[in-house]
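Structure record follows, encoded as structure tokens.
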Amino acid sequence: MRAEAGVELSMDSRNADLAEKITGLKGKRNAVILAHNYQRGEVQDIADFVGDSLELSQIAAKTDADVIVFCGVHFMAETASILSPDKTVLLPDIKAGCPMADMATAEAVRKKKEELPDATVVCYVNSSAEVKAESDLCCTSANAIRLIERLDAEEILFIPDQYLGHYVSTKTNKRIILWPGFCPTHSRIQAGHITRLRESHPNARVVVHPECQSDVIALADETLSTSGMCRYARESDAEEIVVGTEAGIIHRLRKENPNKTFIHVYEQAVCPNMKLITLEKVLRSLEEMAPQVKVPEDVRVRAKGAVDRMLEVSG
Ligand code: SF4
């Protein structure tokens with residue numbers, strides 16, 4: 001027990017030391033630090049803002065920071081670059097990618113568009129800048145249903161997440177053509193995890209992310225984006241909540257709702273890419289002003305068009 005407490009203490013003091021250095025350098029660089037809801041707890045704790053990817057990029061665009069440190073994955077840093085072309089965007093580990101975003105390439109999307117000339121192309125924000133540039137508009141997991149309902153189009157090509165696309169299709173009358181992409185982390189969550197937790201925690205409410213498979217969604221009380229889960233935890237009267245998404249969000253939920261109980265659905269629903277970002281790497285990226293993510297201007301302008309169209313339609 002003692003040894004464990006000792007390890008914890010030295011880890012805490014190491015993190016405190018790193019946090020202090022990061023704060024000092026952040027001021028010097030006039031940087032803003034963003035952390036996605038799935039980041040490690042210690043990374044969330046040093047961030048200026050914690051949230052979902054689009055929300056964070058929008059917040060950063062409104063600040064007068066010269067530098068954005070995006071603690072997340074590559075497409076998120078690209079989204080920040082799309083919205084803030086004059087700021088330097090740092091991704092503390094350039095290898096932090098998103099396997100689901102990589103399941104749709106611009107070339108494959110162009111080919112599919114030729115096969116489906118009448119379809120409106122809607123891409124989930126979890127996609128590369130090049131794929132956004134090929135799309136008519138973007139969506140988030142929070143606004144996908146509302147946005148597609150409002151579109152003056154009957155046929156939608158939905159990229160890249162087949163499970164989010166399928167979930168949307170159950171809520172609208174539009175014809176939705178699914179791209180065969182998926183999130184490997186959310187796919188680890190199985191219906192059996194929910195059934196077992198319902199038995200062991202009969203009073204808990206179950207919330208899951210729409211990137212989960214449809215049989216998991218069918219067993220949940222609510223299907224919510226990460227920001228929707230944070231709101232639900234705050235505003236609902238639920239005292240015990242089973243959380244069906246990536247593990248990192250539990251840190252934020254517990255911090256913001258110390259009197260409530262959060263049970264993560266499955267210990268292996270952890271995104272290895274999100275966990276590549278560490279305090280050491282955040283500090284190094286600020287010291288070296290690298291690795292930088294910059295979307296080429298021609299791609300950026302077209303990708304920004306898809307984001308702007310989303311904002312117009314969703315209102
Ligand atoms: S949790 Fe899934 S969608 Fe999110 S970055 Fe990881 S692989 Fe991509």
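Counting convention: from 1, in listed order, for ligands and their atoms alike. When reading the values below, keep in mind they use all heavy atoms of this one structure, side chains included, and skip hydrogens, waters and symmetry mates. Small disclaimer: the values here were computed from a predicted structure and weren't measured.
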- request: Answer yes if Ile59 and Leu83 sit in the same cluster of Ile, Leu, Val, Met, Phe, Trp and Tyr residues linked by side chain heavy atoms under 4.5 Å apart, and no otherwise.
  value: no
field: Side chain Lys260, main chain Ile241, donor-acceptor under 3.5 Å
entry: no
query: Does the Gln39 side chain pair with the main chain of Gly248, one donor and one acceptor, at a distance under 3.5 Å?
result: no
- prompt: Between Lys112 and Glu134, does at least one N-O distance fall below 4.0 Å, as a salt bridge requires?
  reply: no
field: Where ligand 1 meets Asn126 - atom numbers and elements under 4.0 angstrom, heavy-atom basis
entry: 3 (S)
field: N/O donor-acceptor pair under 3.5 Å between His264 side chain and Tyr266 backbone
entry: yes
task: Say whether, by atom type as modelled, one donor and one acceptor occur between the side chain of Arg29 and the main chain of Ala65 under 3.5 angstrom.
output: no
- request: May I ask whether Ile94 and Val73 are part of the same hydrophobic cluster, defined by side-chain heavy atoms of I, L, V, M, F, W, Y residues being less than 4.5 angstrom apart, directly or through others?
  value: no
task: Have a look around atom 6 (Fe) of ligand 1 and list protein N/O/S atoms under 2.8 Å, or say none.
output: Cys271 SG
field: For Glu211, the ligand 1 atoms whose distance to one of its heavy atoms is below 4.0 Å
entry: 3 (S)
